[in-house]
Amino acid sequence: MPELPEVETTRRGLAPLLEGRRITGVTLRRPDLRWPIPEAIVRQLPGQRIDTVARRAKYLLLHTGAGSALWHLGMSGVMRVLPTTSPVGAHDHVDVGLDDGRVLRFTDPRRFGCLLWQAPGMLHPRLAGLGPEPLSTDFSGATLFTASRGRAASIKTLLMDQAVVVGVGNIYAAEALFEAGIRPTTPAGRLGHQRCERLAKAVKRILGNAIERGGTTLRDFLNADGLPGYFAQELFVYGREGELCKVCGTRLESMRLGQRATTWCPRCQRA
DNA sequence: CATCGGACCTGTTAGC
DNA sequence: TGCTAACAGGTCCGAT
């Protein structure tokens, strides 16, 4: 379900409920999600205290003294803290029991999410190849410029490449490109310094704004309290195929780019 | 190496 | 109204 703002919103909701809690037990209702769930999750976690709830890219990390649980929500994952008595649904795959009598429950109908284990002091291979965090100073117009040299792929595809910058999914890529006035199909390598700068700023502003609003861009997003977002962030292009540009009134154009629906304003966004 | 297409799943929605 | 097909917030992997 999430892009980075939704994952960060989930993290902020979970942290105060989980940090300092001791894990009383782990229940797996199936052996795998996207990948097999490592035995360490069941063997090592019980009895551990959750030190911190962190985020790297779209992964949530529950750090304990024995190691860290890495959680990815995939397309449809939701993590919530619920009363132990709350009824178990068809797609409630994992429960982590807490010493306050509640349970951290992972729900994921499509099972594109995953739950992995990272031993102390190790960096999980899935995290090793990730690019900079978009909201950090490690990501900038300059790093985007460098990363895009010699790349024939479209700038939208490049923006969604987690080795270039993490956390930018289909919605926010489209919106950032609109804000920066860049057509999604533009070959990444053709962008100059200035447009890279504008684009990096747009990414930061849009993601930051979505986080401030509680990651509410996705229509069926549920935060850590199980409450829906209020769909607050205004979308200029995503999901508006065939409609008129909110800025100039031109009819928006669409195509599939890298297997993903892509919409842009032919007037506001230049190649 | 970069790039592309297919794959993984189920639920919802658009279209006939 | 009911059925079917297309599509959905992600990312990995193998082939080219």
Side-chain angles (χ1 to χ4, degrees), chain A residues 1-11 29-37 55-60 70-79 89-94 106-116 124-131 134 146-176 184-190 203 206-207 210-211 213-223 228-233 235 237-243 254-263:
Chain A
M1 137 170 340
E3 296 195 25
L4 185 141
E6 289 73 27
V7 179
E8 176 61 20
T9 296
T10 298
R11 189 197 68 76
R29 299 201 178 79
R30 53 175 306 126
D32 64 321
L33 295 165
R34 176 173 191 163
W35 292 294
I37 297 170
R55 179 188 61 73
R56 172 71 175 113
K58 295 173 192 166
Y59 287 87
L60 285 170
L70 301 194
W71 236 306
H72 198 293
L73 306 183
M75 292 267 257
S76 57
V78 176
M79 292 174 81
H91 306 298
D92 293 340
H93 306 305
V94 183
F106 177 69
T107 308
D108 185 9
R110 287 178 76 177
R111 274 184 277 131
F112 283 5
C114 62
L115 174 52
L116 303 169
H124 196 283
R126 300 284 171 213
L127 301 184
L130 294 174
T146 303
S148 57
R149 291 314 86 187
R151 299 290 294 265
S154 71
I155 183 58
K156 175 161 178 271
T157 301
L158 190 91
L159 257 195
M160 293 174 65
D161 180 345
Q162 304 296 300
V164 172
V165 58
V166 302
V168 184
N170 201 34
I171 295 180
Y172 296 115
E175 294 299 312
T185 48
T186 308
R190 289 235 309 268
V203 166
I206 286 183
L207 293 182
I211 290 170
R213 289 161 179 264
T216 53
T217 303
L218 310 186
R219 54 192 101 236
D220 60 355
F221 174 65
L222 296 178
N223 66 24
Y230 15 99
F231 208 56
Q233 177 152 321
L235 297 173
V237 286
Y238 176 81
R240 300 194 64 240
E241 172 168 3
E243 296 178 36
S254 298
M255 67 176 290
R256 286 190 86 80
L257 200 51
Q259 339 261 79
R260 313 305 294 275
T262 302
T263 303

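All chains are named by letter (A, B, ...) in the order of the sequence lines, taking the proteins before the strands, and each is independently numbered beginning at 1. For the numbers below, each heavy atom of this structure counts, side chains included, while hydrogens, waters and symmetry mates do not.
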By nearest nucleotide on DNA chain C, pick out whichever of A:Tyr59 and A:Asn170 is the more 5' one.
A:Asn170
Tell me whether the side-chain N/O atoms of A:Arg126 come closer than 4.0 Å to OP1 or OP2 in C:dC13.
yes
Please state the P separation for the pair B:dC9 and C:dG14 - nearest whole angstrom.
16 Å
Picking from B:dT10, B:dT3, C:dC12, the nucleotide nearest the side-chain atoms of A:His91 would be B:dT10
Distance check needed: C:dA8 P versus A:Leu257 CG, whole Å only.
13 Å
Integer-rounded Å distance: C:dA8 C1' and A:Arg240 CZ:
19 Å
Return the pairing partner of C:dC7 with a 3.5 Å limit on both distances, Watson-Crick or G-U wobble; otherwise return none.
B:dG11
Is atom CZ of A:Arg190 surrounded by more than 12 heavy atoms (other residues, nucleotides or ligands) closer than 6.0 Å?
no
Using a cut-off of strictly less than 4.0 Å, decide whether A:His72 has a side-chain nitrogen or oxygen near OP1 or OP2 of C:dG10.
no
Could you please name the option among B:dT3, C:dT11, B:dC9 that lies closest to any side-chain atom of A:Gln162?
C:dT11
In whole angstroms, how far is the P atom of B:dC9 from the CZ atom of A:Arg30?
8 Å
To the nearest Å, give me how far apart NZ (A:Lys156) and P (B:dC4) are.
13 Å
Could you go through the side chain to side chain contact (heavy atoms under 4.5 Å, CB included) check for A:Thr185 and A:Met255 one step at a time?
CA-CA 9 Å; A:Thr185 48; A:Met255 67 176 290; 3.5 Å; yes
How far, in whole Å, is C:dT1 from B:dG11 if one measures between their P atoms?
23 Å
Donor-acceptor contact below 3.5 Å, side chain A:Thr262 vs main chain A:Arg260
yes
Taking the minimum atom-to-atom distance to the side chain of A:Gln259, which one of B:dG5, C:dG10, C:dA8 wins?
B:dG5
Of A:Arg151 and A:Arg111, the one whose closest DNA chain B nucleotide lies more 5':
A:Arg151
Rounded to whole angstrom units, what separation is found between the CZ atom of A:Phe112 and the P atom of B:dA7?
12 Å
To the nearest angstrom, how far is A:Arg55 atom CZ from C:dG10 atom P?
14 Å
Are A:Ser254 and A:Thr263 linked by a side-chain donor-acceptor pair shorter than 3.5 Å?
yes
Distance check needed: C:dC12 P versus A:His124 NE2, whole Å only.
11 Å
Nearest-Å distance, CZ (A:Arg260) to C1' (C:dC7)?
11 Å
Test item: A:Gln259 side-chain N/O and A:Leu257 main-chain N/O as donor-acceptor pair under 3.5 Å
no
